[in-house]
Amino acid sequence: MASEPPLLSMSGITKSFPGVRALDGVDLDVQAGEVHCLLGQNGAGKSTLIKVLAGAHQPDTGTIHWRGEAVTLRSPIAAMRLGIATIYQELDLVEHLSVAENVHLGHEPTAAGFVVRGKVARASTAQLLKRLGHPEIDPARLVGELSAAQQQIVSMARALSHDVRLIVMDEPSAALDPDEVDNLFRIVGDLTADGVAVVYISHRLEEIRRIGDRVTVLKDGRAVAGGLPAKTTPTREVVALMTGRNVEYVFPERPTKDVAADKPLLEVRGLARDGEFEPLDLSVRPGEIVGLAGLVGSGRSEILETIYGARKPRAGQVLVDGRALRPGSVRAAVRAGLGLAPEERKAQALLMLESVTRNVSVSSMSRFSRGGWIDRTAELGAARAATRELSLRPDNPNVPVRTLSGGNQQKAVLARWLLRGCRVLLLDEPTRGVDVGARAELYAVVRRLADEGLAVLLVSSEVPEVLGLADRVLVLREGCVVHTAPARELDEHRVLDLVMEGSPAS
């Protein structure tokens, strides 16, 4: 491929926003039929670069060539007309429209020039879903009723509904289980075999090795390496390029103290929800991290949300320090000392247009209320103390939370519960969309919070993360606990065998 002219060539791309130079002379070339991986920490410029490629941002300087000809991508429509499609990590689907309506949004089949032909759209969508290995998704179903993994497939079907020659995939595997990732890679292989190029963004270096051809690394808005061989470039070299330093991928040491004799802080007895998970028993002691491992759809997130009161159980109890909580009541859970960092932090946890201070203080506003007025000085001081305890950067709680990197946004969520005096912390996918450098920081924060006496219940799609961070692991399959063991007695292969083939434990 290297001897052929590139399908896409971006040269000297710069882009500035008020006070920030997001891109500083970036070069990127992509060949037809290759998977070109784009790596970099959060804030390195990846999102800005792909938005320039998608026509959502206009570069300040630089040139873009498509099939050897200079082009100007003035809008996403202009990019799509050339054959460039982008699938963002935060899927831009319309939840109250059907699958077929989302797939054909903006280029609906018509009759007599203006009447939308729904039957044709549904038939076309069914063919695309079959090509993607998901014929079970009903084209007439509302997108809002689908799982995160199914919505990802719909977004891919929408991209393929155009005559696409290059697809940008931003963290496409974040919401997928191992089987879904295998299917994703099959789809990518089929596309590249047809000459379609893929720009693939992921924080998971093992995926880059498996799917990628070449790698470009961004750091601080610059391309610090381009065209690296994806399969043979040493991990240490890639990480050093991304971070500017060598990072050891080690989890915090587990404490030597045995907490097994301590009284559980969190107890779950016979908790169940129809169609989501069977009667479940678990306990978490002060200073302990318990992990839930399982595939997407195994009931992991539903269990956390039911414990937190966001879902009402069919049966069972949740107890904190021996006292039962009112089922289906978030208020009761928070008052008892529970805090939840949900899977989709931007949609479910953060007020994206508000400051870090307001995001941290929102669950503790009664502390700062004086006769119906908010003591802003006290609110700011408390938020600053909580964020400094977690080393949140930048050290300025007045900045909008939307300007923070993924890792620091997650720290803002944790700071909220620290300020509230949380005793039980529920973590759902705590490092999703977080770069490799920030992950190590978050692991250290979670371990330290547990060492200080919090009880932590952790859900993660990444089995190494569960095994590396948790003290004890419950393995889930189809809503049932099939195995429970100390993390040190398990390995990744054993867990995957259990979630794929295991039967409920007696």
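Values below: all heavy atoms of this structure, side chains included; hydrogens, waters and symmetry mates excluded.
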task = Using a 4.5 Å cut-off on heavy atoms from C-beta on, say whether the side chain of Lys263 contacts that of Arg285.
result = no
ask   = Any donor and acceptor pair, going by atom type alone, linking the side chain of Lys411 with main-chain N or O of Ser391 inside 3.5 Å?
value = yes
task = State the CG-CG distance between Leu280 and Leu271, to the nearest 0.5 angstrom.
result = 6.5 Å
query = Are the side chain of Thr192 and the backbone N or O of Gly189 linked by a donor-acceptor pair below 3.5 Å?
reply = yes
request  = Please answer whether the main-chain N or O of Tyr88 pairs with a side-chain N or O of Thr86 as donor and acceptor at a distance below 3.5 Å.
outcome  = no
task = Let me see the working for Val473 and Val475 under side-chain contact (heavy atoms from CB on, under 4.5 Å), right down to the final yes or no.
result = CA-CA 6 Å; Val473 177; Val475 182; 4.2 Å; yes
For Val360 against Ala386, the heavy-atom pair lying closest together = CG1-CB, 4.2 Å
query = Is it true that atom CD of Glu452 has more than 12 heavy atoms of other residues, nucleotides or ligands lying nearer than 6.0 Å?
reply = yes
ask   = Is there a donor-acceptor contact under 3.5 Å from the side chain of Glu389 to the main chain of Ala385?
value = no
ask   = Do Val290 and Val456 come close enough that some side-chain heavy atom pair is under 4.5 Å?
value = no
query = Could you go step by step and tell me if Asp24 and Thr14 meet the side chain to side chain donor-acceptor pair (under 3.5 Å) rule?
reply = CA-CA 5 Å; Asp24 189 7; Thr14 67; over 6 Å; no
query = Does any non-hydrogen side-chain atom of Leu218 lie less than 4.5 Å from one of Leu49?
reply = yes
task = In sequence, state the C-alpha distance, the side-chain angles, and the governing distance for Glu462 and Arg439, and then conclude on salt bridge (Lys or Arg N to Asp or Glu O under 4.0 Å).
result = CA-CA 12 Å; Glu462 301 187 33; Arg439 283 185 178 213; 2.8 Å; yes
task = Determine, step by step, whether Glu343 and Arg432 satisfy the salt bridge (Lys or Arg N to Asp or Glu O under 4.0 Å) criterion, reporting the C-alpha distance in whole Å, the side-chain angles of both residues, the deciding distance to 0.1 Å, and the verdict.
result = CA-CA 8 Å; Glu343 180 179 11; Arg432 172 168 292 175; 2.7 Å; yes
Derivation and outcome, side-chain contact (heavy atoms from CB on, under 4.5 Å), residues Leu191 and Ile167 = CA-CA 9 Å; Leu191 291 170; Ile167 297 182; 3.9 Å; yes
query = Given Ser283 and Glu267, is the side chain to side chain donor-acceptor pair (under 3.5 Å) satisfied, shown in steps?
reply = CA-CA 4 Å; Ser283 62; Glu267 293 179 87; over 6 Å; no
query = Given the rule in the side-chain contact (heavy atoms from CB on, under 4.5 Å) test, do Ile303 and Thr306 qualify, once you have shown the distances and angles that lead to the verdict?
reply = CA-CA 5 Å; Ile303 289 169; Thr306 304; 5.9 Å; no
message = Just checking Arg222: does its CZ atom have more than 12 heavy atoms from other residues, nucleotides or ligands closer to it than 6.0 angstrom?
response = no
ask   = Do Val215 and Val238 come close enough that some side-chain heavy atom pair is under 4.5 Å?
value = no
Main-chain N/O of Leu340 paired with Trp417 side-chain donor or acceptor, under 3.5 Å = yes
query = Listed by chain and number, what are the salt bridge (Lys or Arg N to Asp or Glu O under 4.0 Å) partners of Asp321, not counting sequence neighbours?
reply = Arg423
Ser202: side-chain hydrogen bond (donor to acceptor under 3.5 Å, both in side chains) partners, not counting sequence neighbours = Glu207
remark   = Heavy-atom nearest pair, Ile87 first then Gln152, reads CG2-OE1, 3.8 Å
message = side-chain contact (heavy atoms from CB on, under 4.5 Å), that's the test. Do Val35 and Val188 meet it? Break it down for me.
response = CA-CA 8 Å; Val35 178; Val188 171; 3.6 Å; yes
query = Roughly how far apart are Met156 CE and Ile187 CD1, rounded to 0.5 Å?
reply = 4.0 Å
request  = For His57, check ring pair (Phe, Tyr, Trp, His ring centres under 6.0 Å) against everything at least two apart and list the hits.
outcome  = Phe17
ask   = How long is the span from the NE2 atom in His483 to the CG atom in Leu476, to the nearest 0.5 Å?
value = 12.5 Å
inquiry  = When you compare the side chains of Glu429 and Ser461, does any donor N or O come within less than 3.5 Å of an acceptor on the partner?
reply    = yes
query = Donor-acceptor pair, Gln151 side chain versus Val143 backbone, under 3.5 Å?
reply = yes
inquiry  = Please check: side-chain N/O of Ser364 versus main-chain N/O of Arg367, any donor-acceptor pairing under 3.5 Å?
reply    = no
query = Of the non-hydrogen atoms in Gly328 and Pro313, which two are nearest, and what is the gap between them?
reply = N-CD, 4.1 Å
task = Of all the heavy-atom pairs spanning Pro252 and Arg447, show the shortest one and how long it is.
result = CB-CG, 3.5 Å
Nearest heavy atoms of Gly287 and Asp471, plus distance in Å = O-OD2, 4.0 Å
query = With a 4.5 Å heavy-atom cut-off, do Arg210 and Lys231 have their side chains touching?
reply = no
ask   = Can you tell me if CZ on Arg376 sees more than 12 non-hydrogen neighbours from other groups inside 6.0 Å?
value = yes
Asn359 side-chain N/O to Ala412 backbone N/O, donor-acceptor pair under 3.5 Å = no
inquiry  = Let me confirm one number: the OG-CD1 distance from Ser361 to Ile374, rounded to the nearest 0.5 Å.
reply    = 8.0 Å
Spacing of NE2 belonging to His134 relative to CG belonging to Leu146, to within rounding of 0.5 Å = 11.0 Å
request  = State whether the number of non-hydrogen atoms from other residues, nucleotides or ligands found under 6.0 Å of Arg448 atom CZ is greater than 12.
outcome  = yes
key: Side-chain heavy-atom pair Leu266, Val318 within 4.5 angstrom cut-off   = yes
task = Using side-chain contact (heavy atoms from CB on, under 4.5 Å) as the criterion, point out the one residue from Glu441, Glu465, Gln410 that pairs with Thr431.
result = Glu465
task = Please tell me if the side chains of Leu414 and Leu390 come closer than 4.5 Å, counting only heavy atoms from C-beta onward.
result = yes
ask   = Is the backbone of Pro397 close enough, under 3.5 Å, to the side chain of Thr357 for a donor and an acceptor to pair up by distance?
value = yes
key: Other residues, nucleotides, ligands: >12 heavy atoms within 6.0 Å of Arg402 CZ   = no
message = Looking at every heavy atom in both Pro234 and Arg209, which two are closest together, and how far apart are they?
response = C-NH2, 3.4 Å
ask   = Judged by atom type as modelled, is there a donor-acceptor pair below 3.5 Å linking the side chain of Arg416 to the main-chain atoms of Ala349?
value = yes
inquiry  = Can you tell me if Arg326 has over 12 outside heavy atoms packed within less than 6.0 Å of its CZ?
reply    = no
message = Please identify which of these residues, Leu427, Leu458, Leu425, meets the side-chain contact (heavy atoms from CB on, under 4.5 Å) condition with Val446.
response = Leu427
message = Out of the candidates Arg314, Lys312, Arg300, Arg311, only one should pair with Glu276 under the salt bridge (Lys or Arg N to Asp or Glu O under 4.0 Å) rule; please name it.
response = Arg311
inquiry  = In the structure I gave you, are the side-chain heavy atoms of Tyr308 and Val334 within less than 4.5 Å of one another anywhere?
reply    = yes
message = Working to the nearest 0.5 angstrom, can you tell me the gap between Leu53 CG and Thr48 OG1?
response = 12.5 Å
